[in-house]
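Since the model is a prediction, treat every value here as computed from it, not as a measurement. Chain letters run A, B, ... following the sequence lines, proteins first, then strands; residues in each count from 1.
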Number of protein chains: 2
Amino acid sequence: MRRVSFGSADCPVARALDVIGDWWSLLIVRDAFDGVRRFGAFQKNLGVAKGMLATRLQALVEAGVLELAPASDGSAYSEYVLTAKGRDLFVVVAALRQWGEDHLFAAGEPRSALVDARDGAPVARLEVRAADARPLAFDETRVEKARPAKGA
Amino acid sequence: MRRVSFGSADCPVARALDVIGDWWSLLIVRDAFDGVRRFGAFQKNLGVAKGMLATRLQALVEAGVLELAPASDGSAYSEYVLTAKGRDLFVVVAALRQWGEDHLFAAGEPRSALVDARDGAPVARLEVRAADARPLAFDETRVEKARPAKGA
DNA sequence: AATTTCAGTCTCAAAATAAGACTGGACTTG
DNA sequence: CAAGTCCAGTCTTATTTTGAGACTGAAATT
């Protein structure tokens with residue numbers, strides 16, 4: 001009765017969710033994008049139980065999303081920082097943010113926005129596009145199954 | 001000791017995860033994008049316990065991601081179909097798919113790809129871009145907190 | 001009419017979660 | 001440098017969630 005794992009599924013979405021598909025992981029990653037690095041800072045920001053946090057951080061380190069860096073302010077403590085793999089989750093978090101902004105706030109409710117740090121202008125809307133930049137709806141795409149590696 | 005809820009957090013990411021941030025919801029949505037509509041089809045595809053599935057489907061309907069449609073093939077059963085809100089999750093699923101493809105497959109391992117249905121060409125890479133389409137890294141953006149609604 | 005499929009609900013054991021007490025090393029400060 | 005505080009976890013325990021499957025009743029099939 002172990003919780004099911006999608007780690008070896010064919011579908012990349014399933015594999016991705018296996019790594020960052022739980023209640024807390026993406027919030028940890030979001031905080032990491034905001035510059036949070038220390039255990040205590042995550043804990044305070046998220047209000048998560050320390051045991052949960054410890055487990056999740058370990059899992060994310062093991063998954064290669066975060067890594068334990070030795071210092072940064074000279075102290076002997078270590079810090080959790082995003083790896084390249086973790087930084088690549090930026091689009092995922094941004095997509096979730098966009099969807100949340102679009103659908104999960106009441107009409108007059110104040111909401112935050114992701115903006116270009118240079119000029120403060122909101123970032124462009126995320127969309128799935130064809131190679132020629134034409135926007136594609138979900139029913140204008142399909143999943144091409146497992147193209148067998150030709151060269152290898 | 002109920003599982004924490006992010007439903008009323010300020011952060012759109014947290015709110016989004018409150019709706020679709022559990023182990024199964026996004027896989028259900030992914031299957032819905034693939035055309036799955038019936039309870040039994042979801043159950044068979046995902047291998048999820050029926051109780052889980054029933055709970056999740058109800059939650060997604062309640063959240064307005066799916067809706068219960070009366071028929072489609074004439075039978076008396078009903079079907080779960082994506083609402084507009086649910087269809088807007090396409091980018092999220094696509095972003096997860098891209099990340100999974102990039103980071104969660106071994107070198108020679110065959111993998112699927114999301115392609116333009118028209119010509120079979122892979123869709124463009126998802127990226128966060130500025131208003132002028134310039135790609136933005138995570139540290140070239142910031143979150144502008146809760147701009148208070150001026151008009152209302 | 002009998003059988004099978006569908007779409008769930010119900011039950012139960014195992015696992016995950018939340019909350020916080022506890023531990024030991026780091027840091028401060030007098 | 002000794003006492004007290006902070007940091008980063010681990011451990012414990014009560015509660016909730018999950019996974020697996022038995023069970024139910026309506027719908028479809030034969």
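Judged as a side chain to side chain contact (heavy atoms under 4.5 Å, CB included), and not counting sequence neighbours, the contacts of B/S78 are B/L68. For A/N45, there are no side-chain hydrogen bond (donor to acceptor under 3.5 Å, both in side chains) partners at least two apart in sequence or on another chain. Residues meeting the side chain to side chain contact (heavy atoms under 4.5 Å, CB included) test with B/D88, sequence neighbours left out: A/W99, A/H103.
In this structure a side-chain-to-backbone donor-acceptor pair under 3.5 Å is missing from B/S25 to B/G21. In terms of modelled atom types and a separation under 3.5 Å, the side chain of A/R87 and the main chain of A/L82 share a donor-acceptor contact.
Taking the side chain as every heavy atom from C-beta outward, B/R125 and B/D102 approach each other to under 4.5 Å.
Where A/T55 and A/K50 meet DNA chain C, the nucleotide closest to each residue was compared, and A/T55 sits on the side nearer the 5' end.
Atoms CH2 (B/W23) and P (D/dA20) sit 14 Å apart, rounded to a whole Å. Distance CH2 (A/W24) to P (C/dA16): 17 Å, rounded to an integer number of Å. Look at CE on A/M52: it is 12 Å from P on D/dT10, rounded to the nearest Å. Atoms CD1 (A/I28) and C1' (D/dG9) sit 14 Å apart, rounded to a whole Å. When rounded to the nearest whole Å, the span between CG of B/D22 and C1' of D/dT18 equals 11 Å. Taking atom CG of residue B/L57 and atom P of nucleotide C/dT9, one finds them 10 Å apart after rounding to whole Å. Rounded to whole angstrom, the span from the CG atom of B/L53 across to the C1' atom of C/dA7 amounts to 10 Å.
A sub-4.0 Å separation between OP1 or OP2 of C/dA14 and a side-chain N or O of A/R3 is absent. OP1 or OP2 of C/dG8 has at least one side-chain nitrogen or oxygen of B/Y80 nearer than 4.0 Å.
The two residues A/I28 and A/L66 come nearest to each other via the heavy atoms CG2-CD1, 4.2 Å.
Taking the C1' atoms of five terminal pairs at each end of the helix from C/dA1-D/dT30 to C/dG30-D/dC1, the two resulting helix axes are inclined by 30°, rounded to 10°.
Of all the residues in residues 66-79 of chain B, B/Y77 reach under 4.0 Å from DNA chain C with at least one non-hydrogen atom. Contacts between residues 36-49 of chain B and DNA chain C, defined by a heavy-atom separation below 4.0 Å, involve B/R38, B/F39, B/G40, listed by number.
Taking CG from B/L96 and CZ from B/R30, the interatomic distance works out to 11.0 Å, rounded to the nearest 0.5 Å.
No salt bridge links A/D73 with A/R37; every basic N to acidic carboxylate O contact stays at or beyond 4.0 Å.
Ring pair B/W23/A/F6 is tilted by interplanar angle, where 30° to 60° counts as tilted.
Other residues, nucleotides and ligands place more than 12 heavy atoms under 6.0 Å from the CG atom of B/D139.
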